[in-house]
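This report refers to the structure that appears directly beneath it.
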There are 2 protein chains.
Amino acid sequence: MTLDPDLFSDCGTDRPLIRIGDKWTMKIIVCLRDGPRRFGELIVPLRITAKVLTESLRAMERDGLLTRTAYGENPPRVEYALTPLGRTLLEPLAAICAWSAAHQPEVLRARSA
Amino acid sequence: MTLDPDLFSDCGTDRPLIRIGDKWTMKIIVCLRDGPRRFGELIVPLRITAKVLTESLRAMERDGLLTRTAYGENPPRVEYALTPLGRTLLEPLAAICAWSAAHQPEVLRARSA
DNA sequence: CGGAATCCAGCACGATACTG
DNA sequence: CAGTATCGTGCTGGATTCCG
């Protein structure tokens, strides 16, 4: 059986719908797993620039994966939290992480050969 | 509980181990799901350049995800097939696809708002 | 503290031409 | 048929500076 030339025609234009592959989305979701986090709280473990973190958070907000709540205080305080939709990503995410953990040595061995 | 600053220190340098996020790896795996495929067979549904396809296949070969077998014929014939390791990626891959299919409308609705 | 503005580098990807 | 060679591009992410 030959491959359907239009096999991927319904996959949107090019990239997958959610940016699983980008450098930050998955890690941000992991960081928000246990509850809301502040901007400055996220920066530390991610070792990310403020600019890039802002961009990523805004994109994820647009996609309905998380919410941004700013309290009108001074100094400012902003909290980010996963939406129910964002939480549903934790499962497939765990599948990827499990694969990575299980097969990492195997890949590294192949790569060095 | 505050986030561990070294939360991701064991995730390699930056990118995930396998390039799930890149434009092609996942699609190539899907194309090889039902058995070996020839170079020219892969090009059609993927709508990919020969150069980029070659690069992707070589990278996946280095990681032990697939094998390349060239038959010394003329005209040349080359076949690519998933290794057992590559096959283990089909499962987490399916989890992602299922999520995408299930929540695509939701994301698109959020994005347009 | 939580950004915004600006500038810049690397790399993935694409287009085209050529080859054994 | 299955590539390689060359060139060009956009986009993601990084560094730095400034602001309310």
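Taking every heavy atom of both residues into account, A/W99 and B/T88 meet most closely at NE1-OG1, 2.9 Å. Residues A/A95 and B/A95 come closest through the heavy atom pair CB-CB, 4.3 Å. Residues B/L82 and B/I29 come closest through the heavy atom pair CD1-O, 3.9 Å. Of all heavy-atom pairs between B/R37 and A/M1, the closest is NH1-O, 2.6 Å.
Rounded to whole angstrom, the span from the CG atom of A/L57 across to the C1' atom of C/dG2 amounts to 11 Å. Spacing between atom CG of B/L53 and atom C1' of D/dA2 amounts to 10 Å, rounded to whole angstrom units. Here the C1' atom of nucleotide D/dG3 and the OH atom of B/Y71 are 17 Å apart, to the nearest Å. Taking atom CZ on A/R37 and atom P on C/dC1, their separation rounds to 17 Å, with Å as the unit. Atom C1' of nucleotide C/dA4 and atom CD1 of A/I43 are separated by 13 Å, given to the nearest angstrom. Between the C1' atom of D/dG13 and the CE atom of A/M26 lies a distance of 16 Å, rounded to the nearest Å. Separating the CG atom of A/L42 from the C1' atom of C/dC1 is a distance of 13 Å, rounded to the nearest angstrom. The CD-P distance, from A/E55 to C/dT6, rounds to 14 Å in whole Å.
Taking only side-chain nitrogens and oxygens, B/R47 never comes nearer than 4.0 Å to OP1 or OP2 of C/dA15. Note on B/R58: a side-chain N or O is less than 4.0 Å away from OP1 or OP2 of D/dT4. B/K23 has a side-chain polar atom (N or O) that falls below the 4.0 Å cut-off from OP1 or OP2 of C/dG14. Contact check, A/R38 against C/dC1: no side-chain N or O comes under 4.0 Å of OP1 or OP2.
Closest to the side chain of B/K51, out of D/dG13, D/dC7, C/dG3, is D/dC7. Set against C/dG3, C/dA15, D/dG3, the side chain of A/A50 has C/dG3 as its closest nucleotide. The nucleotide whose nearest atom lies closest to any side-chain atom of B/V52 is, among C/dG3, C/dC13, D/dA2, C/dC13. Minimum atom distance to the side chain of A/R68 is reached by C/dG2, of the listed D/dA5, D/dG13, C/dG2. Distances from the side chain of A/F39 to the nucleotides C/dG14, C/dG2, D/dG13 place C/dG2 closest. In the set C/dG2, C/dC7, D/dC7, C/dG2 carries the atom at the smallest distance from any side-chain atom of A/P76. Here the nucleotide nearest the side chain of B/R77, chosen from C/dG2, D/dA2, C/dT16, is D/dA2. For A/D22, taking side-chain heavy atoms from C-beta onward, the closest of the listed nucleotides D/dG13, C/dG2, C/dG14 is D/dG13.
Both A/T54 and A/P75 sit near DNA chain C, but only A/P75 has its closest nucleotide nearer the 5' end. The 5' end of DNA chain D is approached more closely, in terms of each residue's nearest nucleotide, by A/I48 than by the other of A/N74 and A/I48.
A/R47 contributes a side-chain N or O that, together with a main-chain N or O of B/P5, makes up a donor-acceptor pair within less than 3.5 Å.
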For A/L57 and A/R68, run side-chain contact (heavy atoms from CB on, under 4.5 Å): C-alpha distance rounded to whole Å, both residues' side-chain angles, the deciding distance at 0.1 Å, then the answer.
CA-CA 8 Å; A/L57 290 170; A/R68 189 191 109 107; over 6 Å; no
